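Predicted, not measured: the structure shown is a model, and the values here were computed from it.
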Amino acid sequence: MNNKFLLLKIALIPTLLAVGACSYMLFPGPSLQSTPTNNGSTLHIAYCGSTPAVLCVISFGLDNHARTLVNFVTPNPSFQDFYLIIKRVDKDSRYECQKAGGFPTSVYCIGEQIPLGEKVDLEVYSKNQSLLVAEGSLTILFYALPTPITVFATAIRVTITLPSGSITSLPPVSTLQATQEARPSATAPNSYPNPYPYP
Amino acid sequence: MSPLTDGVSILFTHANSFIGILSALIFGTITFSVVLKAILADKLTSAEYFSLSLGGGLLLVSLVSITLFMFNILRNFYIGIFALTVIVIGVIILSPHARRRPALRPNLPLLALIVALVMFVILRMAFISRAIVPSYSDSALHYGIIQSLLKTYENSKSIFQSGYPVPTYYHIGFHILAAALAAITRTNINEIILILGQIILALIPIPIFFIVRNATKSDAAGLFTVLLASFGWGMPGYAVNWGKYPALISLITIQFVLSIAYILAQKENSRSEQLGLSSMLGLGILVSGLMHTRSLIIIGIAFAAWIIATFWRKLSKTLQFLTTILVLCGIIIEVIFIGSRAILAPVFDPYLHSGWLLTSTIILLSVFAFRASPRLAFSSSLAIFLLLSSMFIPIIGLIPGLGPQVLLDRPFVEMILYLPLSLLGGLGYAGLKQTLQVEHEQTHKKSRELSIFVFIPLFGLILINTLVSYNFYPSDCCKIMGYDDVVAIDWLGKNLPPHSRILIATTKVRVSIPDSLQGDAGADAGIWITPLTNRETFGWPNSSALNQQSAMNVFCTNKITYVYVGGTNQSFENSQLETNPNWYQLILSLPRARVYEIIGCPEGSAEYQQPG
């Protein structure tokens, strides 16, 4: 009986290692080729809600060349590579899309500028086969969410005394040396906030 | 979507890293279990072995990772295989000594622990479904350190051959473990931190089963303690929102060390058992210290409390009673005093706000805890007193580069108070059971009635509290990176020159000492720029004005070329930059992330590359 248990234990370790190795091979990580669509039909594109849909738009933006950025989110990291066609009243424009490095669920597309408030039709095509993956109509609202700021009534003196010139890649922040009379503008909440005293 | 379905969904989408981490932990747990059984044979039940081996397994995996990483063995395939073979042979040699008690009936406590662990893992994974990166600014620092370790590893160097990643940071154990797992699973660092962090959270409540079960011989009391430690209060789970991964992993090693010390303290151990257990204790303390230096203080407090409790047991009953009252009065005074200090008062938030019901229940159960295991109950109470006291003991100049510190900071005490409270709860459960059983024998009542009216409601209380108030998802307090930041930082990495110097907002760290600052922390996603893009960033207090000449002088002197404004309520104020178009030019605009070029310096040195 004891020998059986011993053999079982000895066999268990390589078996687990083998299972681990097989699983690792069976799940080789995100594949960029999969096409998550609703039973083969095209997905509907809308602005993201509290829980992102299969493919949704989180925001629009502008870069220094006055080009529009369309910021997509997908909860599926293996969502296939795609490009975007934006259809306007007068013409169609192609927007090249790329995944943000290290963030496979974040994809942004850059192309011709679209005026604020304009309603456009979006069509998403797979890069490999140029198949229509998703479509929808949206109005461009890229300044809709201002950054909230709480303002203090009185001024305080801010003195930073950490060493200057310690420019290293780590830790990520080197604090500049300065002594200045400053007009504080933002709240300084308790570090490591709990939900209770924090906004 | 419920936490359960979200958790399952994450297991599928992150199967690669999940299976990799799980395989390593299972391997460590089984190996450690065999070693432990070789030493202790039939002294523990299967559930006790499981609970103890989980902590030991993590310790073993950490120790192997640290050793392999230090000598860069992972990079060398043959040495790696050799090291693995040595471990397997060691296990095989030890196996004949690992005698097992024949199972006469289904082992329900073990099954309950395994089911609980599986549920904890699934539920904890829900956090990742709404997390873009690990929370708070500490996580960017963890990312940077792991990244630096991986670079050393990829250059086929030992970490001895490269500079220490961060001069003022010393919890290297977690980072080496995460780096080793990232190297093995070939997964990106953010994913490894998130998955490993949530698995650690799921593991934390399991080892506590051992001490309570061993002290009271009650499986139900052990399971009650596990449930309390997992979802009784917001802590320790909430600490992932602060990115306190090293501290969280140290909670497992601390429990392991205390469990082994508890076995060692029992006098019936043979010489060989003592030798084996002492070695484990030594290794446990070493790894715990590497995981988080302050865990050594916690272990010290626990040992001190235990030693004092040993002397306390030798006192007369009257003196024992008086001393206990004295400790309880001390705790009450500390609670009142700390509660009146704005910077320290949040230490009680998880226990007195949403957790008040369970804390009250534990206070009531504590009376019975002294019946089940007086020494453990007294040491737990004393540990609470000492933990709270340690927030007032200053450490000055011990750690170069850091501001004034105290023995234990407020966040650490806040996240560990659950441990003595859970122990008191578990012991109290067992004590109440003993008391009612004596009553039952005297009054001939059925024991089933006891379960229905007393014990099931206690379990139910925790479960209902979990369902009603427990948050499995990231707290809004600490999400500093949004999807706009992800895009802005990626764009910035692809479009700004490599030598760019970027200004980011920082906020002062104030965790323990009033009117004293303990350093700077990133105020928004700008803190992620350096680890993700390798661009230099410079902190500037978020409360300072950017529209003053003095500020511009500092930026020009230091050749700062860009300013990053994230989307938190602690980011720089956009209006200050937008009202000075001669100084700051907007070059990327998203609703919650903006990049400005500084054009107000005389040389006009700021440049950005033309996108390809």
Undergrad: Taking all atoms of both residues into account, what is the closest heavy-atom pair of B:Leu496 and B:Arg535, and its distance?
TA: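 In terms of heavy atoms, the two residues are closest at O-NH2, 2.6 Å.
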Undergrad: Do you know which of B:Ile502, B:Val486, B:Thr557, B:Asn188 has the most heavy-atom pairs under 4.5 Å to chain A?
TA: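 Of the candidates given, the most pairs with chain A belong to B:Val486.
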Undergrad: With chain A as the partner, which of B:Thr533, B:Val595, B:Asp490 has the greatest number of non-hydrogen pairs under 4.5 Å?
TA: B:Asp490
Undergrad: For the residue pair A:Gln98 and A:Ile110, what are the closest heavy atoms and their distance?
TA: NE2-CD1, 4.2 Å
Undergrad: Between B:Ile132 and chain A, with a heavy-atom cut-off of 4.5 Å, which part of the residue counts as in contact: side chain, backbone, both or neither?
TA: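 B:Ile132 touches chain A through backbone and side-chain heavy atoms alike.
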Undergrad: Under 6.0 Å between ring centres: does that hold for B:Phe555 and B:Trp540?
TA: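 Yes; B:Trp540 has its ring centre under 6.0 Å from that of B:Phe555.
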Undergrad: Quick check on the interface: out of A:Thr105, A:Asn71, A:Leu69, who has the most heavy-atom pairs with chain B under 4.5 Å?
TA: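 Most heavy-atom pairs within the cutoff with chain B belong to A:Asn71.
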Undergrad: Report the option among B:Asn471, B:Asn241, B:Val487, B:Leu588 that has the most heavy-atom pairs separated by less than 4.5 Å from atoms of chain A.
TA: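 The residue among B:Asn471, B:Asn241, B:Val487, B:Leu588 with the greatest pair count is B:Val487.
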Undergrad: Is the centre of the A:Phe82 ring less than 6.0 Å from the centre of the A:Phe72 ring?
TA: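 A:Phe82 vs A:Phe72: aromatic centres under 6.0 Å.
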Undergrad: Per the side-chain contact (heavy atoms from CB on, under 4.5 Å) rule, which among B:Arg410, B:Met235, B:Met415 passes with B:Val347?
TA: B:Arg410
